[in-house]
Protein chains: 2
Amino acid sequence: MGGREPGLRERTRRAVQQEIVETANGLFVARGYENTTIEDIAAAVGMSRRSVFRYFPTKEDIVVGKFDFVAQDMLVALRARPAAEPVWESLRRTFDLLVAYVDAPGQHEVAEPMQRIVFAHRGLLASYLEKLQRMQDAVVSALRERAEASGRPYGADDPVPGAVAGAAFGCLLAAQHAWLAGGAKDSFAGTLDRAMAAVAPRG
Amino acid sequence: MGGREPGLRERTRRAVQQEIVETANGLFVARGYENTTIEDIAAAVGMSRRSVFRYFPTKEDIVVGKFDFVAQDMLVALRARPAAEPVWESLRRTFDLLVAYVDAPGQHEVAEPMQRIVFAHRGLLASYLEKLQRMQDAVVSALRERAEASGRPYGADDPVPGAVAGAAFGCLLAAQHAWLAGGAKDSFAGTLDRAMAAVAPRG
DNA sequence: CCTAACTTGACACCGGGTGACACATCCAGC
DNA sequence: GCTGGATGTGTCACCCGGTGTCAAGTTAGG
């Protein structure tokens, strides 16, 4: 991340955010997303409705906001991959961060129902897809940098890097979908491997 | 589509819907999406706020609702492709319906700014992505049918057909992105061709 | 002409989200 | 130790998207 040593202010803020997320997730899985109002969350945490909005811009962000961080980390991870590595492999390794998030043994019991909630609700799914899209845009930038560093830069409006990244994220989403549909029994990593083995960039 | 002879009721309904869309699009382009309230639209069309919601479930649907129809048509188109054709080619041809929508010479002047509006607004982009996702789900079903008919069905939780479809839609989105970023000068079809040439299913 | 189905407008209401203001707290610097 | 400014919070008022309800109006069919 950017600033070294987050500082006390930022740390307490993160702590409150974390508490809101955990409390809210509990309510969401118990009563459902739409049946839980911001006021319910505020009351459960012990603050006012207004203050909840000071920590999260929207209700949806309480659920999918964390992916902004994952996106940043993924970018760093992608930039750290060796330049000689095939792009598809680099992307697969970049996704390991998301995989770790999903396959994490400790949080598995809470992460999976939340995923189902995301995929079940219109606005939430839309919001998640939009986050992935932003993530993807960043990946495209990284891909361009990499191509430039290796001496074969893409043209400004070349759709190719976007297509490669788009295909990879498409596989990611498909894997998530299939994994959830299959009851989340297998490892997510394995499902993603199979998905990404079915497609490959040309050249 | 389904019922033969739409009937008077349904036809007038479609006409009103069309008028709402056109009036609203005019306001959106002129004053921006967020600066245009449902009441503004209702007033411009000459009906009450409530009635607008009788024709469109949400404000976003006024913009992206038409893609539900495109999705249905795309499904039909995909099913009509010869079974022997390579999958990637079938998908590219299926996208021709969307291409026709974008490259259409008549509506080009209104379609392009609307596309920019969609890509510029959080909720709108999210909504559009969600529509594409639903479209994609349908495509996956068609891919499964095709594989079954050719004697090599996929397993129930196999992520492969989803990955192929996801990759194709990823290319589609990337092409749209690059096309808009490049000022929509080239033909969209050509951009999409280049995007889909950069990736291919394995096997 | 009368009635039943459908459409519409008007009104009330909910919930997400924002702006403004007042109050408390905490941490300077004097 | 006091004071003053930054920061956090609650309260209130408001906007807008979206829904339920009901009464009035329209249209088609007997």
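Just so we're on the same page: letters track the sequence lines, and every chain starts at 1.
Taking every heavy atom of both residues into account, A:Gln176 and A:Gln115 meet most closely at NE2-OE1, 3.0 Å. Contact detail for A:Ile41 and A:Thr36: the closest heavy-atom pair is CG1-CG2, 3.9 Å.
OP1 or OP2 of C:dG9 sits under 4.0 Å from a side-chain N or O of B:Ser51. When the side-chain nitrogen and oxygen atoms of A:Tyr55 are compared with OP1 and OP2 of D:dG8, none of them lie within a distance under 4.0 Å.
Closest to the side chain of A:Lys59, out of D:dG10, C:dG17, D:dT19, is C:dG17.
For residues 13-43 of chain A, proximity to DNA chain C is found at A:Thr36, A:Thr37, A:Ile38, defined as any non-hydrogen atom under 4.0 angstrom from a strand atom.
The CD-P distance, from B:Glu60 to D:dG18, rounds to 7 Å in whole Å. Summarising the geometry, the separation between CZ on B:Arg49 and P on C:dA12 is reported as 13 Å, rounded to the nearest angstrom. Atom-to-atom, CZ of A:Arg50 to P of C:dG15 comes out at 18 Å; the value is rounded to the nearest Å. Between B:Arg54 atom CZ and D:dT19 atom C1' there is a gap of 11 Å when expressed in whole angstrom units. One interatomic measurement links the two molecules: CZ of A:Phe53 to P of D:dT11, which rounds to 16 Å at whole-angstrom precision.
The side-chain heavy atoms of A:Tyr128 and A:Glu60, taken from C-beta on, include no pair separated by under 4.5 Å.
Between the CZ atom in B:Phe95 and the CZ atom in B:Phe169 there is a gap of 4.5 Å [rounded to 0.5 Å].
Inspection of the B:Arg146 and B:Ser90 side chains reveals an N or O donor paired with an N or O acceptor under 3.5 Å.
Counting non-hydrogen atoms of neighbouring residues, nucleotides and ligands closer than 6.0 angstrom, the CD atom of B:Glu39 reaches no more than 12 such neighbours.
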